[in-house]
Q: 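Sharing a structure here in structure tokens format.
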Amino acid sequence: MPFNTSQTGWRARIERRLTGAREFVDDTDPEALAVVTASMGALLTAFIGFLLASPWTAVPFGAFLLVTGYGWARHQALVARAISLAMTTVTLLTLGLIVVFIFAESIPAFRYETASVFGVSVPGAGMFTQARWDAVSDPVRYSLLPMIHGTVMVTTIATLVAAPLGVAAALFIAEIAPPRVRELVKPGIEILAGIPSIVYGFIGFTVINPWASGAFDLNGGSTYLFVGMVVGLMALPTVVSVAEDALTSVPDVMKDGSLALGATDWQSMTSITLPAAFSGVSAAVLLGVGRAIGETMAATVMLAGVPRISDPLVNVFYGYETLTSLIARGYGSANGVHESALFAAGVVLFVTVLCLSIGSQYIEARMRRRLGGAE
Amino acid sequence: SGNGGDDDDGGSEESGNTMSSGSSGPSTVTAEGSSTVYPISNKGSSYWNSNSPASDGEYWGSNDESSVAGWDQIETDMNIADYFASLYGFEPSGERSNPPFATRVALSHSGTGCEAVRDGLVDIGNSSGPITAELDISEDERDENYVDHVVGRDGQPVFVSQAIYDAGVEQLTGDQIRGIYQGDITNWSEVGGPDQEIYVVGRAEGSGTDTSFRLNMLGDADAPMDVDTRLGQNQQVQQVLQDNDNAIGYMALAFSGSGIQAIAIDFEGTVYRPDPDAENTIFDSEYPLNRDLHMYTRIDEETPEGTDKREAAFLNMFLTEFGQKTFVEDVNYITLPTSDIEAEREKLPDQA
Amino acid sequence: MSRATRTALVRDDRTLYEAVAGTAVGLSGVAFVVGLTALLGLVGIDDPVAGVGLSVALGALLLALGASVVGFGMASRFGFVDAAPQPSAGIVAAVAFTAIWGAVGAAASGAAGVGTGGRLALGAVLGGTAFAATAFPREDVGSTAPAGALAVLCGLSLLTGLIAPGWERALDGYNATLFGDTVVPAVVLFASLVTGWSAAKAYGGFGARGRNVGAYVLIYLVVGSILAVLVGLVAFVAAKGLPGLFNGFSLGGSGLVSWPFLTSGAGLTAEVAGVFPALLGTIWLVAGAVLFAVPTGVGAAVFLSEYAEQGRFTGAVEVATNGLWSTPSIVFGLFGAAFLIPRFGNQKSLIAGMLTLGFMLLPLVLITSREAILAVPDEYRDASAALGVSKWQTVRSVVLPAAIPGVTTGVILGVGRIAGETAPILLTMGGGVLPAKSAAPDVLGSFRLSASPPFVSNPSLLEATSALPYQLYALITAGLSGNIQNPQEYAWGLALTLLLVVLAFYAVGIATRYYFRRKLHQ
Amino acid sequence: MANRTDGQGVSTTAGETVEETRPEWTSYEAGGETKFAVDDLDVHYGDDHALKGVSMDIPERSVTALIGPSGCGKSTFLRCLNRMNDRIRAASVDGTVELDGEDVYQDGVDLVELRKRVGMVFQSPNPFPKSIRENVSYGPRKHGDIETGLLARLTGRAEPDREEALVERSLERAALWEEVSDRLDDNALGLSGGQQQRLCIARCLAVDPEVILMDEPASALDPIATSKIEDLIEDLAQDYTVVVVTHSMQQAARVSDQTAVFLTGGELVEYDDTEKIFENPESQRVEDYISGKFG
Amino acid sequence: MANRTDGQGVSTTAGETVEETRPEWTSYEAGGETKFAVDDLDVHYGDDHALKGVSMDIPERSVTALIGPSGCGKSTFLRCLNRMNDRIRAASVDGTVELDGEDVYQDGVDLVELRKRVGMVFQSPNPFPKSIRENVSYGPRKHGDIETGLLARLTGRAEPDREEALVERSLERAALWEEVSDRLDDNALGLSGGQQQRLCIARCLAVDPEVILMDEPASALDPIATSKIEDLIEDLAQDYTVVVVTHSMQQAARVSDQTAVFLTGGELVEYDDTEKIFENPESQRVEDYISGKFG
Ligand SMILES: Nc1ncnc2c1ncn2[C@@H]1O[C@H](COP(=O)(O)OP(=O)(O)OP(=O)(O)O)[C@@H](O)[C@H]1O
Ligand SMILES: Nc1ncnc2c1ncn2[C@@H]1O[C@H](COP(=O)(O)OP(=O)(O)OP(=O)(O)O)[C@@H](O)[C@H]1O
Ligand SMILES: [Mg+2]
Ligand SMILES: [Mg+2]
Ligand SMILES: O=P([O-])([O-])[O-]
């Protein structure tokens, strides 16, 4: 029965769409319609040509420009609408293409690393069930575990730095700072976001690594500890700005309500503002974690570049390799399955960060709903 | 030979590249690969692009105070690139900084360079390891597809941090080095040094230096290794060896510098010293780590002899006394014996 | 129902106490700053201060702070001052002190050479004691005694030389050794934070007000440190980079300003090696990315906020754009390498870099434009519709002009971000380490028409080109050598140039935002 | 505690004896032509029934006031007249609204045309962030009545004089010309609230509509600006049909010829001459409302 | 156009003969103790002079209503009494406000203490997104009067019964207990608007203040909820000093003992017994305002 209704619902919706489309076609100037169809067709052809790497791609693309230019002059409203739709599609398509291309390139590596789990052979399982990465000597294996370990180490340390400092700074900006100070601190922290990662890496490589090597008598200066701290500093602005948005979006009347009862500022922050903005603040931390996971250059430049798991596992005084540095370092000199394994690392990164992003969006949406109910 | 970069966005086509691109003149000669060969090739490219006039005396030609090495064999009044290009029939430009065609050298490592020349992305693939090992191909395949231009030789010394050298580690045996690089020896005290862990520095996998080291020291291009860090280019190894006081690393000769010391190596009783005047030195071709520095060009339909005129004009510059002195010896590599130079020039097409 | 006992509006009688506690807060701040400078190696921990080593002096200071903090608690407990402590310091403080003292116990017993069991035991004993001491007594004691005792302990160990400049301890199995040089400042930093917090609570008279003051002191310290790091970073790069950047710089002469570092390449004949090709490369890169991403992003934003039914489709696009926004840059690099490079001549090229960065910029432009368009008050749309004006006319004449401030700000900030990106162009654009001036891309001058497809070509777009961030990376990996006179100076000059370019975008972006905001609120 | 009533009686206590609405209370017929004939109008916002079977005839060239407590559907009704409710996704409208005998809800109605004929002024002044001149000429420009673009100027089709005249006429009609004639190129956001509201009226007049709908046009203004707007409304009624929603009964009494009273639940309870409504309403609830017993 | 006045006379036409405010109109003294003595209070928001030299004495245990057109400074005045204006950055306050003889604007005043004594209820209900119980006990908890934490329970200091009693008493006082007694642990956001507002009053009562300030407490509510709040206000005046801002003159007339009329420009024009103000005001402008000539 429910199946039935959903089916009829479907059909009704499709029918509604169809009639809507027919009405639209009927209501529109036929020439405008023709122009738009031609323009979109040309664009689609150009895209397909580009996908097929055809040298003829320029032809439909030129046609698209011409037709669209004509349409813009004659039927601006419809053409504008069609083009803006096409641009929306480009955005969706970008994500789609990323998925398709990096997954496709990673297939050979997943094939190569097929391993049997409970008697079933699972492609790619070998990347996670053993810990050897060696692209040169026998047996050649492509385990991602060492890099995942490195990424986890760096991300954990970065989060320990960025989350508390970031939330404290967000509280400061949103609730505590006098206006003048806020006008200084806020852009200051935003500018922190602007320092290019390679500049951090350069300082890390030329200053921090040699210093750490001496200050802790290390075997080489690469450490997850300091890479993590640098990456944490880089993720900090993300945490601050998103958390600050969440904190300021808590309605003022709620804070006023608490203050009017004779609660102190700090009590109002911890009992009202922070709980009300909790989802937003955790989304901020999640986004910060995502940034930290994806940070590449500082790690590439500062880490040792050997895929190995530190011993003991939590030894922060080693710094071997992360997923990102593996790719940045290896791409170009790798080929065949080795190169494909780098794409596999990219897939792991992409999927992880996408999950974090979706998770934080979900949390934020929930917060918006909750606060919306309060108003 | 590959293409020169005036490719279209179709990418399906591989235009061969003699002076074909119409109005723009002969296209740039591109090279890519080995960081070991890079000093030679980059310096050559810089000289070429500067197209200094013969009156310069510092980079090319002669003036009242000085003249470049090997000038007596050349004696032309043309600019440097004009001169070498004209040997293969290119129009001289006569202008400083405007060679008849430009050259460009990218830095990565040998494996990348070999692949790039194989895939037709560059004209010249620089490599410090044999292309057979880099691309895992047979010698027949090599001869069929590539022309191997050797422009100089490297002694590939093994370096240690200054502190270790000062603490008495001035010489190691081949076995000890092998032990260090395969994880059997981890403390300097095991080889007569201070009680300190060894910081074992390696080069990136796929680099010619790494390949040759495995091949010549560990016995197989795919031999297993156990290092503490792997670094992209020779220069970075040099820096890290300077920054740490317990490190060992292998590099090309050109990168010796302050704060690091090359050590003598004892191969089955023969001690090769890093000093050119010693009895057995790493400059000898008998030294097991001694290796040729290659610039590969590719044989395809358009250039059946493997080297087109632009490439030949450029490569020929290194195969002169001027070139050997300026681009090989001055950057600390080992020059080729005259007979070898002759043999190398034989591989180039006939001059105009 | 009025209150029988009415609390006075104005507090008094606590001025001396407040002054002393305030001084303690200030001294903790001083100790924190000194500790920080020592950790950064700006002062040595054995530098003499008043006849003793800095480490000993700091020990004495910590000891005094610890003792006074305990004193504050006692003064309040025995009613010498009028404070408003709550019955307990609270669970958060209790847990924090449990952890701190547990760690102290574990570390101390480890130093004494006890095994894991012993460590756990002593840690648990100290942690438990700290918990009881924090949680059960009244707040004035609970939040001072454990803090003061910690500072006293730290102070004593510095004062007696238990931890001193020459001190070292190998961390077994961790391949690292701790030295006095780093441990002493760390101890000082930590202990001063604790005493600062505790003294601040005393200053506020404990209770709600005390907690407020204590928390504020911590937050101010945190934010101060972040800003110090920021300023320090920029100042450090500037100090290192200015000599390189201004190498050969001169005013006057033929071209008014001669700035060779920015206007020449690193070729053989260049008098002063410069970064011109990379600078130009970055400019082209950004221009290309903007050309691709801004129309696309703004167009999509218009469609999503003006035309599309708010529903599943817009929801999906939103999820997708946010996902794209947080996608790591190296993944964009991989995508560019797999998708664009084979389609543009199979080699790293300027246009592949442009488009890769364009893909990165796209979600940011889309998100900010959408926000800006949604922020345009519906009143404008209503007003326009009520005048009988069609939708597209309204969008074009009212909505987009009103959204321009937001879009501009977003685009500029986004451009700042991509201009500094290395990872994507590392995989897609490459370029030389020390390119000569002739290697600078000449995009406008390289368009060629031809009779065969694709009819238009531009070699300069299809070649590998250097850009500032990539060149800095290449210099790091290639080591600082080559035919330039002062490689270190050159590299730092390059880093500073990159930093300035990116910060300039940010500064302009932020200034634009302020400008428009001010204009709106005039 | 003066004037305190206990909230008893037919009107304020919910669920008890609620007085029924009688059709004859709303069947008022004014003199003059009927401009809008609304018949059995129902509006839903999703499940929310905002207007319930409202029928009323709005006469030409006069001021009709709509009053009632907050949320009773006044704005909803007003926005049905020029179909601005179409812009609210959740809204669905049943019943007929005839403008000069033509149903505005029938298929194929050109909204652009309808809204040109039925102009609207909003609660808070909403001038565009453009110059005063551009604000006024915005409508005619977009309708192509005035051409000002570069192309028009090149081809000699631009008529700056005509634009100038139109702007002046509209501003004068809206009693704003004297105050702004010397700064037509200033940004409209720099005007005071009352001036902005009159500018919005001028902007609306420039399109030359037949009907002007106003939704609490003075609620955001100070008393002096309010009184200017009120004068203007009376004045406009000589040429236009004006329908005005207000939350101030005093205002309704001052400016309108006939008044419609909506009460909570979206009912039109009484519609009659303004004097009749304020002095002697039929409905007990209306009387309670007007005498301030609630609201 | 019934009841239409032409905006002539002393009050509505700007720049002409504006009646001057006389001090004696505001020097009203109620019976009973003075709770708040406000003297020559000036408030600026940046360059905007929002209150001009307002002086008035507010008597204990009674309801004082503040009325006046929008923007005349009623809220500003109210927020001076518990210094909530401190939260607005641009605001600067001159003059004195004495609470039981102590100046609340002198240095060293403990805002927390002040606000404990002077509670406030806002225009739109703003319960915390917590349970009903937590909303009510929020104030006492924060002041340490009630302990409920884990530690307090461990050490036996928690007094759940006392909390329970306090919550019940406060809710009863706010006339909400019967409606919510069986769902104290539900989220407060689930209550209706009127219930939320009464919850906010209960929350305020739980702190046991002496004064309760209310800024248009019923403006967001329907008539039934409004009438409940009004009953409550009258009731509270037996124990508390209540100051209430309202935009509805009817409401002021219904609930207050004395009424202060502010007019545009931030002046207090007249302050007297409510009956006096509504029946026979001294000021012509106040009369105009009350009789609906403007506003
Ligand atoms: N966009 C909307 N979506 C959903 N419901 C709406 C919307 N606009 C109005 N409503 C509902 O329709 C009813 C009537 O609203 P309307 O705005 O017409 O009242 P009103 O008489 O104009 O009130 P006010 O005097 O407050 O402006 C109200 O219950 C309101 O909540
Ligand atoms: N936060 C603020 N910043 C700047 N000006 C303000 C602020 N709050 C109020 N004002 C100004 O102060 C004046 C008095 O405002 P106030 O809110 O006290 O008026 P009100 O009588 O409460 O009006 P309403 O009935 O609309 O609530 C107004 O002119 C207003 O614009
Ligand atoms: Mg309305
Ligand atoms: Mg107010
Ligand atoms: O010469 P390499 O850089 O490949 O070692």
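To find a chain, count down the sequence lines: A is the first, B the second, and so on, and within it residues start at 1. Note that these values count all heavy atoms, side chains included, but never hydrogens, waters or copies made by symmetry. These numbers were taken from a predicted model, which means no experiment stands behind them.
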Q: Given the ring of Trp72(A), does Arg396(C) sit roughly above its face, with NZ or CZ under 6.0 Å from the centre of the six-membered ring and within 45° of the axis?
A: no

Q: Picking from Ile195(A), Ile102(A), Leu95(A), Ile176(A), which has the most non-hydrogen pairs under 4.5 angstrom with chain C?
A: Ile176(A)

Q: With no hydrogens and no angle check, is any side-chain donor or acceptor of Arg81(A) less than 3.5 Å from a backbone partner on Phe303(C)?
A: no

Q: Does Leu230(C) reach the side chain of Ile189(A), with side-chain heavy atoms less than 4.5 Å apart?
A: no

Q: Report the C-alpha separation of Ser329(C) and Thr296(A) in whole Å, then their side-chain angles, then the decisive distance to 0.1 Å, and conclude whether the side chain to side chain contact (heavy atoms under 4.5 Å, CB included) test is met.
A: CA-CA 8 Å; Ser329(C) 54; Thr296(A) 309; 4.1 Å; yes

Q: Is there side-chain contact between Leu324(C) and Thr94(A), with at least one heavy-atom pair below 4.5 Å?
A: yes

Q: Evaluate the side-chain proximity of Leu287(A) to Trp325(C): yes if any heavy-atom separation is below 4.5 Å, no if none is.
A: yes

Q: Out of Thr91(A), Leu354(A), Val90(A), which one racks up the most heavy-atom pairs below 4.5 Å with chain C?
A: Thr91(A)

Q: Could you measure the distance from the CG atom of Leu233(C) to the OH atom of Tyr200(A)? Nearest 0.5 Å is fine.
A: 5.5 Å

Q: Among Ile83(A), Ile203(A), Ile358(A), single out the residue with the greatest number of heavy-atom pairs under 4.5 Å to chain C.
A: Ile203(A)

Q: Parallel, tilted or perpendicular: which one describes the rings of Phe317(A) and Tyr174(C), with boundaries at 30° and 60°?
A: perpendicular

Q: Hey, does Leu178(C) have a side-chain heavy atom less than 4.5 Å from the side chain of Asp217(A)?
A: no

Q: For side chain to side chain contact (heavy atoms under 4.5 Å, CB included), just list the numbers for Ile98(A) and Phe332(C), CA-CA rounded to whole Å, side-chain angles, deciding distance to a tenth of an Å, and then say yes or no.
A: CA-CA 8 Å; Ile98(A) 290 182; Phe332(C) 277 101; 3.8 Å; yes

Q: Relative to chain C, which of Pro312(A), Ala345(A), Gly290(A), Ser360(A) shows the most heavy atom pairs under 4.5 Å?
A: Pro312(A)

Q: Output the option from Ser84(A), Gly346(A), Pro196(A), Pro187(A) having the highest count of non-hydrogen pairs under 4.5 Å with chain C.
A: Ser84(A)

Q: Which answer fits Pro363(C), side chain, backbone, both or neither, if we ask what part of it has an atom under 4.5 Å from a heavy atom of chain A?
A: neither

Q: With respect to chain C, which residue among Gly62(A), Ala77(A), Gly294(A) yields the maximal number of heavy-atom pairs within a distance under 4.5 Å?
A: Ala77(A)

Q: Taking the side chain as everything from C-beta on, heavy atoms only, tell me whether Leu426(C) gets closer than 4.5 Å to Met297(A).
A: yes

Q: Return the CZ to CD1 distance between Phe202(A) and Ile476(C), rounded to the nearest 0.5 Å.
A: 5.5 Å

Q: For the interface with chain A, which of Gly333(C), Ala301(C), Gly297(C), Ala337(C) has the highest count of heavy-atom pairs at distances below 4.5 Å?
A: Ala337(C)

Q: Return the option, out of Val331(C), Asp181(C), Val229(C), Val302(C), with the maximum number of heavy-atom pairs under 4.5 Å with chain A.
A: Val331(C)

Q: So which part of Leu171(C) gets closer than 4.5 Å to some heavy atom of chain A, the side chain, the backbone, both or neither?
A: side chain

Q: Tell me, for Thr422(C) versus chain A, whether the close heavy atoms (under 4.5 Å) come from the side chain, the backbone, both or neither.
A: both

Q: Can you confirm whether Tyr470(C) sits close enough to Ile198(A) that some side-chain heavy atom of one is under 4.5 Å from a side-chain heavy atom of the other?
A: no

Q: Does the ring centre of Phe172(A) sit less than 6.0 Å away from the ring centre of Tyr220(C)?
A: yes

Q: Could you check whether any side-chain heavy atom of Phe343(A) comes within less than 4.5 Å of a side-chain heavy atom of Phe335(C), counting everything from C-beta outward?
A: no

Q: Keeping Arg343(C) on the side-chain end and Phe50(A) on the backbone end, is there a donor-acceptor pair under 3.5 Å?
A: yes

Q: Test side chain to side chain contact (heavy atoms under 4.5 Å, CB included) on Trp492(C) and Thr206(A) and set out the steps.
A: CA-CA 10 Å; Trp492(C) 282 106; Thr206(A) 51; 3.6 Å; yes

Q: If you round to the nearest 0.5 Å, how far is CD1 of Ile510(C) from CD of Glu190(A)?
A: 4.5 Å

Q: What do you reckon, is CZ of Phe216(A) surrounded by more than 12 foreign heavy atoms closer than 6.0 Å?
A: yes

Q: When you compare the side chain of Phe236(C) with that of Val207(A), does any pair of heavy atoms fall below 4.5 Å?
A: yes

Q: Answer with side chain, backbone, both or neither: which region of Phe505(C) has an atom nearer than 4.5 Å to a non-hydrogen atom of chain A?
A: neither

Q: Please report the shortest heavy-atom distance between Asn175(C) and Leu218(A), naming the atom on each side.
A: O-CD2, 3.8 Å

